[in-house]
Amino acid sequence: MENKLDPNMNVLRKNFLELIYAGKNISEAEFNLTDLSIYSKNNTFFSRLSNAVKQSLLDENITLTNEQVECLHLLDSNNLFLSAPTSFGKTYLALEFIARNRKSLNNIIFVVPTISLMNELRKKCFNFFNEEYILITSDAELEQYIDLPRKIIVVVPERISSKKFKSYLNSNEIDLLIYDEIYKLKYEKMSRDTNDRIIKMNSIYKYLVKSAKKIILLGPFIKSVNFDKSEIKIEKFITNLNLVYNEIEKSSDIELDNLKFSNEKKFIYFKSPSSIRSFLAQKSLTTNKENYHKFDVDIIEWISENIHPKWYYSIYLKIGIGIHHGKTPLFLRKYIEHEYSKKDGCIHTILCTSTLMEGINTPTNKLIIYDSPRGTFELNNLIGRVGRLNPKNPQKGKISIYDEKTFELYKPDQWIDLKILYETDEVVTDSPEDEILYLEKSSVDGVPEETIKDLQKTLARNFGIDISEVTDFEIEVGLLIRFLDIYDQITKHDKEWYVINDIKFNLFRSNAQFVTGLLTSSYSFDFEKEYIFDAVYLLMVSGGILKPVIDKFVKTYDPSVDDINIFIDTLFQIDEFIKFKMTKIVGIYELFNSKGLFDKSLNRAFIQSIHMIENYFDSSDGYERILSDLGIPQEDVVLIANEISNFSETIGTENKLKKIKGKETFFRLSPFSKRIIESL
């Protein structure tokens, strides 16, 4: 194991970085000692020769550090676990390894924890490897290009059909597996990630590490990790080499009341979307016309026409402020990231949660930490995202921490011992049956095993289903038990509305955070019923188009502006709920349908409801999900999908999209879609 967590070297390196960023000179010996030679301006023959050896194949302007080169050498004959600060360039190093070994690597799997990271990685792979590899990020693309020999498959575990994915991998070797942000495989009782998500991520990890010929595991601020259960042979390279310089200050005097335009761009971190809403409600942020920043008129007009002219997102966009969190629609997230990254972009401040900062390539030189993160690790990770690596013109990052409690959390040398959920024997989550079934565990008291045995008997006796078929479809045990409890009721409803109602309230009530936004008590108007109209069903009927649902809300209740904003936020929560929660019922339907258990007449409403859920996010040709993930608004998805389905001879979604430019369809698209296509 290469363990380079030398605190003395870390202090020395920080001192030298401070001198470098201040424009001071340090000697070549000091550059070499601290592995900061990328900042050296030495132009001798020997320095040029050294740099030539360390030059990146992906970008001729990038010179790798000695430690990065060392990692590449380790990878030549070993698997690699790499733990390092964010500025080390861990993901870039994995891409560099692909570039240096492209002739021998045909089947490459990247695993990432979020859609945003998937999109970021897909964009990088398209730029670097489009001529050599086909990019896959969905089941539909995997099926479409299954016979092509050279693929880079980017997987978000909760978004891939395990059955289809494993079926493909069972007949194809994995030449290289890269699991990014590996710390996401740990379980925390207070984690924002749900049990099912953690277990699904670990289940995919378990399967892939047993199958891959070469493995790269990447993560920040991890000082130790064990692979006791998987027993993979892997070199561990742990380093605190930080290549950027940041100043951290405690300041309660941060001017937040009037976030006017400034050339000094910044992120402001909040712990949750609701915290951002509370902040905006409490602060007197001036949104009068005289404070308008240069804003994108086309974008604002589209939002006004397709969502609402008084939606607070667009109001703040006019003064250069973007709101970015997990419930912000993806097309708007992509736009905010892009405008912030541009030198002359329309966004100067982003109010964000950790969603923006977990690995997304939207660098910032200033971060204000307004809320306290969950702990030292998360705080270290947030701060590690600050600072652009620019050896020719280094600029220090500035981090302002809003309160004393958060400031005391910051301990840059306090790294974690990572316990990957699969690699431990203990059953620790609140879904013990799933841990036992999917992660090869056993409980101490045997109660979850009894639950599984009872389920196994019920399935075999009543439906002719074996428990192994449940795991093939990666169905959650708790969800399946709830489904069986209401099986006769939910499958025999005569109307789709009743089926959808059972799914959202009886099967997924604990996940239905949007329900508060449907309560009459959440609004200022008087209404005799407990709930407003069924926005879930209406949004599904409209195919995810918000405008008709918002118009009905306005016409029905004559709401205030605050009411309208609460409802729009609720609709985006519902959209996420349908896409990522309700779709879990599809796997159960497919399993039971494979046994011929449904009658087209008797179970018509149930079958039709399942198809409604399927089609909401994934049309038969698969383009709906792909385009949505790329940041295409729902209003454009069908239009684009119909157009690119004509380009069957063109390989790759991005290449198909490029062919739309200049066509009549292109000019009918939203400004969001046009910019995505133009950027390819």
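Side chains included, hydrogens not; waters and symmetry mates left out as well; all remaining heavy atoms used.
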Beyond-backbone contact of Leu630 with Leu657, side-chain heavy atoms, under 4.5 angstrom:
yes
Any luck finding a side-chain donor-acceptor pair between Thr328 and Tyr313 under 3.5 Å?
yes
| Any side-chain donor paired with an acceptor under 3.5 Å for Thr364 and Tyr340? | yes
>> For the residue pair Ser354 / Glu378, report whether a side-chain donor-acceptor contact shorter than 3.5 Å exists.
In response: no
Please determine whether the number of non-hydrogen atoms from other residues, nucleotides or ligands lying under 6.0 Å from atom NZ of Lys229 exceeds 12. yes
Practice item. Please step through ring-ring contact (aromatic ring centres under 6.0 Å, His included) for the pair Tyr370 and Phe279, ending with a clear verdict. Key: CA-CA 10 Å; Tyr370 183 76; Phe279 171 80; 5.1 Å; yes
*asked:* In terms of relative ring orientation, are Phe237 and Phe88 parallel, tilted or perpendicular, with 30° and 60° separating the classes?
replied: tilted
- Query: Just by distance, with hydrogens left out, do Ser670 and Glu635 show a side-chain donor and acceptor under 3.5 Å apart?
  - Reply: no
| said: So that I can tick it off, tell me whether Arg100 and Glu96 are bridged by a salt bridge, with the cut-off set at under 4.0 angstrom between side-chain N and carboxylate O. | reply: yes
query: Using the benzene-type ring in the case of Trp, are the ring centres of Phe377 and Tyr183 under 6.0 Å apart?
result: yes
Rounding to 0.5 Å, atoms CD (Glu339) and CD1 (Ile350) come to a distance of 10.5 Å
Without hydrogens or angle criteria, can the side chains of Gln395 and Asn365 be said to hold a donor-acceptor pair below 3.5 Å?
yes
TODO: Flag the pair Arg122 and Glu654 as a salt bridge only when some basic side-chain nitrogen lies within less than 4.0 angstrom of an acidic carboxylate oxygen.
DONE: yes
Side chain to side chain contact (heavy atoms under 4.5 Å, CB included) test vs Val111 passes for just one of Ile178, Leu208, Leu117, namely Leu208
Tyr207 six-ring face occupied by Lys166 cation (under 6.0 Å, within 45°):
yes
(Q) With a 4.0 Å cut-off on N to O distance, would you call Lys579 and Glu576 a salt bridge? (A) no
With no hydrogens and no angle check, do the side chains of Asn655 and Thr650 hold a donor and an acceptor under 3.5 Å apart? no
Query raised in the report: Just by distance, with hydrogens left out, do Ser116 and Glu120 show a side-chain donor and acceptor under 3.5 Å apart?
Result: no
message = Does either side chain, that of Tyr168 or that of Asn107, offer a donor lying less than 3.5 Å from an acceptor on the other one?
response = yes
Other residues, nucleotides, ligands: >12 heavy atoms within 6.0 Å of Lys4 NZ: yes
Distance only, no hydrogens: is a donor on one side chain within 3.5 Å (strictly under) of an acceptor on the other, for Thr429 and Ser431? no
Hey, does the Lys NZ or Arg CZ of Lys584 hover above the aromatic six-ring of Phe508, less than 6.0 Å from the centre and inside 45° of the axis? no
With a 4.0 Å cut-off on N to O distance, would you call Asp569 and Arg277 a salt bridge?
yes
**Request:** Before accepting this row, confirm whether a basic side-chain N of the pair Glu423/Lys186 lies closer than 4.0 Å to the acidic partner's carboxylate O.
**Result:** no
Are Tyr316 and Thr349 close enough, and set up right, to give a side chain to side chain donor-acceptor pair (under 3.5 Å), and what steps lead you there? CA-CA 10 Å; Tyr316 285 104; Thr349 299; over 6 Å; no
Does a side chain donor of either Tyr92 or Ser56 reach within less than 3.5 Å of an acceptor in the other side chain? yes
**Asked** Taking side chain as C-beta onward, heavy atoms only, is Ile248 less than 4.5 Å from Ile383?
**Response** yes
**From CA spacing to verdict: salt bridge (Lys or Arg N to Asp or Glu O under 4.0 Å), Glu158, Arg197** = CA-CA 6 Å; Glu158 62 184 322; Arg197 187 167 185 265; 2.6 Å; yes
Applying side chain to side chain donor-acceptor pair (under 3.5 Å), run through Asn202 and Tyr187 and close with a yes or a no.
CA-CA 10 Å; Asn202 275 271; Tyr187 171 74; over 6 Å; no
